[in-house]
Amino acid sequence: MFKKRIAALVVGVVALHGVSALADTKQVEVMHWWTSGGEAKALGVLKDGLKQRGYTWKDAPIAGGGGEAARTVLKARVASDNPPDAIQMLGFTIAEYAEQDYLANLDPLAAKEGWDKVVPAPIQRFSKHDGHWVAVPVDIHRTNWIWANKKIFDQLHLTPPQSFDQLVADAAVIRKAGYIPLAHGGQPWQEATIFDSAVMSAGGPKFYTQALVNLDPAALGSKTMEKAFDQMRALRGMVDPNFPGRDWNLATSMVINGKAAMQIMGDWAKGEFVNAGKKAGTDYLCFQYPGTQGDFIFNTDQFATFKKGDAASPGELAFASTVMDKGNQAKFNQIKGSIPARLDVPADGLDECGQKSMADLRTALKNGTMVGSFAHGHAMPDGPKNAVYDVVTHFFNSNQSSADAVKQLVQAINNAK
Ligand code: GAL
């Protein structure tokens, strides 16, 4: 009888503390939205790295570029007290979970491995909460890129457009030759990704910061912002009729296969070219959205780990260490299309697009002009971000005037603040 009671007690304790008991098992559950060909391949580097540290990777993929679906699933799992061990997170979302005390403090590991010295400050700003490391950054993506099919460009004697007007003129030439000028997927986050570039092109880094980071009503309601919407309207004219709902990687395939000439997308698109065996400069071109040459709009993928009791579990620490490993970051980013989050990883393994990104990043860091992507949660918190998504997507999918969109933008931010 006594024995039975003890057994029942043990079962009860394990059930009650299921999370901490599991924390000691040799398994780490990782939630992410990297399900495209290139993304999945890059993730393989981290899976191998974790295995080498003696832990099994329990995969929890939630399809949906930009991570909106993953964020929704995470909310539900946290509400039912069953968060994954580690999760991919962007920008302000990290602070949101840290604020509620869900995330493990990684300071001792950060000190041991010297993360403070190798991660650029604009990224640490999101990795840390109240001065403590709560997330580990694996890459630095840039959103103001255009990916182009080189064969189409060569055939039509086109070179990377240096101004937005030139892009419009080139698109007309491409259309006339029977190609789709712009491959686009009609999902709010993809329209928002284009908007990052349009705002930067219309006003430059200072204006971008005033409008999308400081949420200054004068900047949001300005003529310059109207110009950004004018660009969006012109881009809308370059897409094909089947764009609604299309996934971003299918749009990239249209450029890879020569159906479309260009895609405006962050450099995770390069991961799809790499995965298809295509070479930069030979099969495809990478260049900045006109008017944003040299500007660096960043998006960095980080992983946060959920607290087990007071701290991180050994498996979570092994995972964080895997993500921050110099060799892993070198390999991962060659496949993913991004550049390493650690500045001490040499550039030699990167192709010409990656090398360009790294050079531009260093210049932007020096000049203080590295700005966070609005579309990917690094400019404003999720509340106002979602409100601006609605404005941008409504504009792109209607005949609204730029002047009206700007008015709606000011209103949306006002309501969401
Ligand atoms: C972004 C993420 C990138 C990328 C993209 C498409 O939010 O930061 O790494 O993969 O979504 O899924």
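Owing to the predicted nature of the structure, the values given are computational and were not obtained by experimental measurement.
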Close side-chain approach of [X] and [Y], heavy atoms under 4.5 Å:
X: L103; Y: I94; result: yes
X: D130; Y: E99; result: no
X: L50; Y: D48; result: no
X: I146; Y: Q263; result: no
X: V30; Y: W57; result: yes
X: P120; Y: L343; result: yes
X: W147; Y: K270; result: yes
X: V213; Y: M380; result: no

Test item: side-chain donor near acceptor, [X] and [Y], under 3.5 Å:
X: T300; Y: H378; value: no
X: D240; Y: H184; value: no
X: T193; Y: Q190; value: no
X: D247; Y: Q187; value: yes
X: T292; Y: N144; value: yes
X: Q302; Y: S127; value: yes
X: D230; Y: S402; value: yes
X: S253; Y: E272; value: no
X: Q408; Y: Q400; value: yes
X: W145; Y: D267; value: yes

The test is salt bridge (Lys or Arg N to Asp or Glu O under 4.0 Å); show your working for K128 and D116 and say whether it passes. CA-CA 10 Å; K128 288 181 175 175; D116 266 313; 2.6 Å; yes

Treating [X] as the side-chain partner and [Y] as the backbone partner, does any N or O pair qualify as donor plus acceptor under 3.5 Å?
X: D301; Y: D139; value: no
X: S321; Y: A318; value: no
X: N386; Y: D382; value: yes
X: R142; Y: D295; value: yes
X: Q52; Y: G49; value: no
X: D344; Y: V118; value: no
X: W33; Y: A69; value: no
X: D196; Y: A375; value: yes
X: T369; Y: L365; value: no
X: N214; Y: D216; value: no

Could you walk me through whether D283 and K279 satisfy the salt bridge (Lys or Arg N to Asp or Glu O under 4.0 Å) test, starting with their C-alpha distance in whole Å, then the side-chain angles of each, then the deciding distance to 0.1 Å, before giving a yes or no? CA-CA 5 Å; D283 304 306; K279 295 265 164 312; over 6 Å; no

Checking E226 against K223 for the salt bridge (Lys or Arg N to Asp or Glu O under 4.0 Å) test, could you report, in this order, the C-alpha distance in whole Å, the side-chain angles of both residues, the deciding distance, and whether it holds? CA-CA 5 Å; E226 251 184 70; K223 285 277 168 212; 3.4 Å; yes

Result for side chain to side chain contact (heavy atoms under 4.5 Å, CB included) between I339 and one of D360, L361, N333 points to L361

Roughly how far, to the nearest 0.5 Å, is OG1 of T252 from CG of N275? 11.0 Å

Check whether Y389 forms a cation-pi arrangement with K385 (NZ or CZ under 6.0 Å from the six-membered ring centre, at most 45° off the ring normal). yes

Would K26 count as a cation-pi partner of Y55, with NZ or CZ less than 6.0 Å from the six-membered ring centre and within 45° of the ring normal? yes

Any chance you could lay out the side chain to side chain donor-acceptor pair (under 3.5 Å) test for S163 and Q166, step after step, and finish with the verdict? CA-CA 5 Å; S163 67; Q166 187 59 50; 5.2 Å; no

Look at the rings of W268 and H376 and say which category their plane angle falls in: under 30° parallel, 30 to 60° tilted, over 60° perpendicular. perpendicular

Just wondering, more than 12 heavy atoms not from [X] lying within 6.0 Å of its [atom1]?
X: K227; atom1: NZ; value: no
X: K58; atom1: NZ; value: no
X: D310; atom1: CG; value: no
X: E68; atom1: CD; value: no

Check R236 with E191, please: is the shortest side-chain N to carboxylate O separation under 4.0 Å? no

Do the two ring centres, one from [X] and one from [Y], sit under 6.0 Å apart?
X: F303; Y: W34; answer: yes
X: F195; Y: F229; answer: yes
X: F126; Y: F92; answer: yes

Set out, in order, the CA-CA distance, both residues' side-chain angles and the distance that settles side-chain contact (heavy atoms from CB on, under 4.5 Å) for I297 and Y208, then state yes or no. CA-CA 10 Å; I297 309 179; Y208 182 103; 3.6 Å; yes

Do you know the tightest heavy-atom contact between [X] and [Y]?
X: M262; Y: A148; answer: CG-CB, 4.1 Å
X: A311; Y: A104; answer: C-CB, 4.1 Å
X: M265; Y: W248; answer: CE-CB, 4.1 Å
X: N149; Y: A260; answer: CB-O, 4.0 Å
X: D170; Y: P161; answer: OD2-CB, 3.6 Å
X: W133; Y: A110; answer: CD1-CB, 3.4 Å

I'd like to know whether R71 forms a salt bridge (Lys or Arg N to Asp or Glu O under 4.0 Å) with E96, so could you lay out the CA-CA distance, the side-chain angles of the two residues, the decisive distance to 0.1 Å, and finally the verdict. CA-CA 12 Å; R71 283 187 285 279; E96 225 175 82; over 6 Å; no

Identify each donor-acceptor pair in which a side-chain atom of residues 324-332 lies under 3.5 Å from a protein atom, sequence neighbours left out, and give them as a table.
| from | atom 1 | to | atom 2 | distance (Å) |
| --- | --- | --- | --- | --- |
| D325 | OD1 | G327 | N | 3.0 |
| D325 | OD1 | N328 | N | 2.9 |
| D325 | OD2 | R53 | NH2 | 3.4 |
| N328 | ND2 | T322 | O | 2.9 |
| Q329 | OE1 | A341 | N | 3.0 |
| Q329 | OE1 | R342 | N | 3.1 |
| Q329 | NE2 | P137 | O | 2.9 |
| Q329 | NE2 | V323 | O | 3.0 |

Using the side-chain contact (heavy atoms from CB on, under 4.5 Å) rule, take V371 and F296 through it: C-alpha gap first, then chi angles, then the decisive distance, then the call. CA-CA 6 Å; V371 298; F296 203 107; over 6 Å; no

Exactly one of Q162, K356, Q293 should register a side chain to side chain donor-acceptor pair (under 3.5 Å) with Q288. Which one does? K356

